[in-house]
Amino acid sequence: MNYTHLGRTGLNVSRLCLGTMNFGPHTSEADSFAIMDKALDLGVNFFDTANVYGWKKGEGVTEQIIGRWLAQGGGRREKIVLATKVYGHMGDGPNDWKLSAYHIRKACDDSLRRLQTDHIDLYQMHHIDRETPWQEVWQAMELLVQQGKVIYVGSSNFAGWHIAQAQGVAASRHFLGLVAEQCTYSLSNRAVEMEVLPSCRAHGLGVIPWSPLAGGLLAGLEKASQGRRVTGQGMPESFEKHRAQLERYEKLCQELGEKPAHVALAWLLRNPVVTAPIIGPRIMDQLTGALRSLEINLSPEIAKRLDDIWPGPRGEAPEAFAW
């Protein structure tokens with residue numbers, strides 16, 4: 001396993017982040033435990049979750065599964081960098097969501113209880129809250145840091161302007177502010193190259209891409225067809241829309257002798273602003289297979305061909321990023 005710093009911090013995390021959104025709804029607790037144990041064995045030390053995962057309001061199903069895994073001991077908690085999120089609906093009350101100081105305090109305590117730990121390594125705001133002033137948000141986060149309940153603070157699904165605004169207020173309070181941004185980013189969805197990635201680079205945030213395979217699109221047509229035959233479902237509209245690009249992409253991957261999913265992850269990993277793409281395995285093979293991406297070195301020529309197949313928005317291309 002390779003490691004890198006999380007943004008401008010001194011914290012070392014694995015180049016792949018274990019996403020846990022499937023734990024509970026699609027992956028049994030026993031299989032989830034096995035995947036987390038295997039991830040540790042493989043050197044993956046960066047685990048990501050959210051209080052809403054499990055999709056049963058207020059229950060934090062996935063956090064509970066992780067908490068029971070951690071409670072087994074064996075140094076599990078000490079070996080991982082644990083990230084979770086705050087924002088989503090956790091009850092029916094008017095203050096049971098978003099980023100008021102009231103909700104941040106309660107949501108953090110509830111996550112700690114479910115996770116069976118005394119601190120969260122990376123506490124991420126799941127979405128921007130346009131109704132809560134940054135002075136209030138940062139006051140709440142500063143208190144959690146002072147209490148030792150949170151170590152670092154991150155964002156998710158923020159615009160570039162949100163990051164700049166948040167960092168400006170944090171600096172005025174002599175607070176570290178955001179250290180990471182979790183955003184949707186993949187070969188087929190490169191909109192963040194326009195404003196979000198440049199903002200992250202300027203402010204020293206590590207980028208944690210979610211949906212790096214674009215919901216399975218970048219796993220390729222053959223893989224998708226196999227899955228659809230098993231489930232009896234037709235090909236999703238996105239596959240038909242991008243069929244010509246997918247065919248060119250799969251042909252290039254065949255030339256490289258690599259699986260499309262692994263090339264898609266390797267493309268993200270070559271961008272120095274990217275800390276760790278999130279892999280969200282439902283089964284063990286999806287975890288172990290993803291490690292191949294760490295061994296793929298894409299040449300500038302191959303990167304250019306990928307750019308021709310999956311053109312970006314003509315913002316800053318990955319090659320333009322350097323700390």
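Values in this document were obtained by computation on a predicted structure and should not be read as measured data.
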Exercise. Please walk me through it: do Val196 and Tyr185 pass side chain to side chain contact (heavy atoms under 4.5 Å, CB included)?
Worked result: CA-CA 10 Å; Val196 176; Tyr185 185 32; over 6 Å; no
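- Residue Leu197 comes nearest to Val273 through the heavy atom pair O-CG1, 4.4 Å, listed as atom of the first residue, atom of the second, then distance.
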For this session: Assess whether side chain to side chain contact (heavy atoms under 4.5 Å, CB included) is satisfied between Leu218 and Ser186, documenting all intermediate values.
Result: CA-CA 9 Å; Leu218 295 171; Ser186 67; 3.9 Å; yes
Exercise. Run the salt bridge (charged side-chain N to carboxylate O under 4.0 Å, His left out) check on Arg248 and Asp308 step by step: do they pass?
Worked result: CA-CA 10 Å; Arg248 291 174 62 198; Asp308 290 340; 5.7 Å; no
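- Minimum heavy-atom separation, Ile151 to Asp121: CB-O, 3.5 Å.
- Under 4.0 Å is where a charged nitrogen must lie from a carboxylate oxygen, and between Lys85 and Asp48 at least one such pair does.
- Grouping the Ile, Leu, Val, Met, Phe, Trp and Tyr side chains by contacts below 4.5 angstrom, directly or via other members, places Tyr123 apart from Met90.
- Across all non-hydrogen atoms, the minimal contact from Leu298 to Val263 is CD1-O, 4.2 Å.
- Put simply, OG1 on Thr62 and CD on Glu29 are 10.5 Å apart, with the number rounded to the nearest 0.5 Å.
- Taking hydrophobic clusters as Ile, Leu, Val, Met, Phe, Trp and Tyr residues chained together by side-chain heavy-atom distances below 4.5 Å, Ile283 does not share a cluster with Leu42.
- For the atom pair CD1 of Ile279 and OG of Ser293, the computed distance is 7.5 Å after rounding to the nearest 0.5 Å.
- Using modelled atom types, no side-chain atom of Ser111 and backbone atom of Cys108 make a donor-acceptor pair closer than 3.5 Å.
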Exercise. Asn157 and Trp210: side-chain hydrogen bond (donor to acceptor under 3.5 Å, both in side chains), yes or no, with the steps?
Worked result: CA-CA 10 Å; Asn157 304 307; Trp210 60 266; 3.1 Å; yes
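- Looking at Arg15 and Leu294, their side chains come closer than 4.5 Å, going by heavy atoms from C-beta outward.
- Within the 4.5 Å cutoff, side-chain heavy atoms of Thr27 are placed close to those of Ile35.
- Side-chain N or O atoms of His262 include one that pairs as donor or acceptor with a backbone N or O of Gly289 at under 3.5 Å.
- Checked against the 6.0 Å centroid criterion, the rings of Phe23 and Trp69 do not qualify as a close aromatic pair.
- With hydrogens and angles ignored, the 3.5 Å screen pairs no side-chain donor or acceptor of Gln124 with any backbone N or O of Gln182.
- When all heavy atoms of Gly312 and Glu193 are compared, the closest pair comes out as CA-OE1, 4.3 Å.
- Using a distance-only test at 3.5 Å, with no hydrogens or angles considered, a donor-acceptor pair links the side chain of Trp138 to the main chain of Ala166.
- Dense packing is recorded around CD of Glu295, with more than 12 heavy atoms of other residues, nucleotides or ligands lying under 6.0 Å away.
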Exercise. Under the side chain to side chain contact (heavy atoms under 4.5 Å, CB included) criterion, do Arg243 and Leu221 qualify, and how do the steps go?
Worked result: CA-CA 8 Å; Arg243 178 174 288 277; Leu221 286 166; 3.9 Å; yes
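- For the pair Arg190/Asp307, a side-chain contact is recorded, criterion being any heavy-atom separation below 4.5 Å from C-beta on.
- With contacts defined as side-chain heavy-atom distances shorter than 4.5 Å, the pair Phe175/Val145 qualifies.
- Two residues are said to be in side-chain contact when any heavy atoms from C-beta on lie closer than 4.5 Å; Leu252 and Leu306 meet this criterion.
- Between the Arg76 side chain and the Gly73 main chain, a donor and an acceptor come within less than 3.5 Å of each other.
- With hydrogens and angles disregarded, a donor-acceptor distance shorter than 3.5 Å links the side chain of Ser211 to the backbone of Gly215.
- Of the charged side-chain nitrogens involved, none lies within less than 4.0 Å of a carboxylate oxygen, so that Asp109 and Lys106 do not count as a salt-bridged pair.
- Within the 4.5 Å cutoff, the side chain of Glu63 has no heavy atoms near those of the Ile66 side chain.
- For OH of Tyr3, the number of neighbouring non-hydrogen atoms (other residues, nucleotides, ligands) closer than 6.0 Å is greater than 12.
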Exercise. Can you check salt bridge (charged side-chain N to carboxylate O under 4.0 Å, His left out) on Glu301 and Lys304, steps first, answer last?
Worked result: CA-CA 5 Å; Glu301 177 194 0; Lys304 177 63 170 62; over 6 Å; no
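- Note that CG of Leu16 is 6.5 Å distant from CG of Leu265, once rounded to the nearest 0.5 Å.
- For the pair Ser199 (side chain) and Gly160 (backbone), a donor-acceptor distance under 3.5 Å is present.
- Checked by atom type and distance alone, the side chain of Glu181 never pairs as donor or acceptor with a backbone atom of Val207 at under 3.5 Å.
- Judged by distance alone, with hydrogens and angles left aside, the side-chain atoms of Tyr249 form no donor-acceptor pair with the main-chain N or O of Trp310 at under 3.5 Å.
- Between His162 and Phe158, the ring planes are perpendicular. Angles over 60° get that label, and only those under 30° would be called parallel.
- Looking at Ile104 and Leu144, their side chains come closer than 4.5 Å, going by heavy atoms from C-beta outward.
- Although no hydrogens or angles enter the test, the distance criterion places a donor-acceptor pair under 3.5 Å between the side chain of Ser14 and the main chain of Asn45.
- Hydrophobic clustering, with ILVMFWY side chains joined whenever heavy atoms are under 4.5 angstrom apart, keeps Val52 apart from Met125.
- Residues Val13 and Met1 are members of separate hydrophobic clusters, defined by side-chain heavy-atom contacts under 4.5 angstrom among Ile, Leu, Val, Met, Phe, Trp and Tyr.
- Surrounding CD of Glu59 are more than 12 heavy atoms belonging to other residues, nucleotides or ligands, all under 6.0 Å away.
- Leu122 and Ile80 are assigned to two separate hydrophobic clusters, defined by single-linkage of ILVMFWY side chains at heavy-atom distances under 4.5 Å.
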Problem set entry | Derivation of the side chain to side chain contact (heavy atoms under 4.5 Å, CB included) call for Leu99 and Tyr87 | CA-CA 6 Å; Leu99 299 176; Tyr87 180 94; 4.0 Å; yes
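- Proximity of Cys17 to Ile278: side-chain heavy atoms (C-beta onward) are separated by under 4.5 Å at one or more points.
- Across all their heavy atoms, Arg270 and Ala303 have their closest contact at NH1-CB, 3.5 Å.
- For Gln116 and Arg77, the side-chain atoms include no donor-acceptor pair closer than 3.5 Å.
- The OG atom of Ser155 sits 5.5 Å away from the CG atom of Leu205 when rounded to the nearest 0.5 Å.
- Note that OG of Ser100 and CZ of Arg105 are 10.0 Å apart. Values are rounded to the nearest 0.5 Å.
- Here Leu6 contributes atom CG and Tyr152 contributes atom OH; the two are 7.5 Å apart, rounded to the nearest 0.5 Å.
- More than 12 heavy atoms of other residues, nucleotides or ligands shown are found within 6.0 angstrom of CD on Glu255.
- Minimum heavy-atom separation, Leu115 to Leu70: O-CD1, 3.4 Å.
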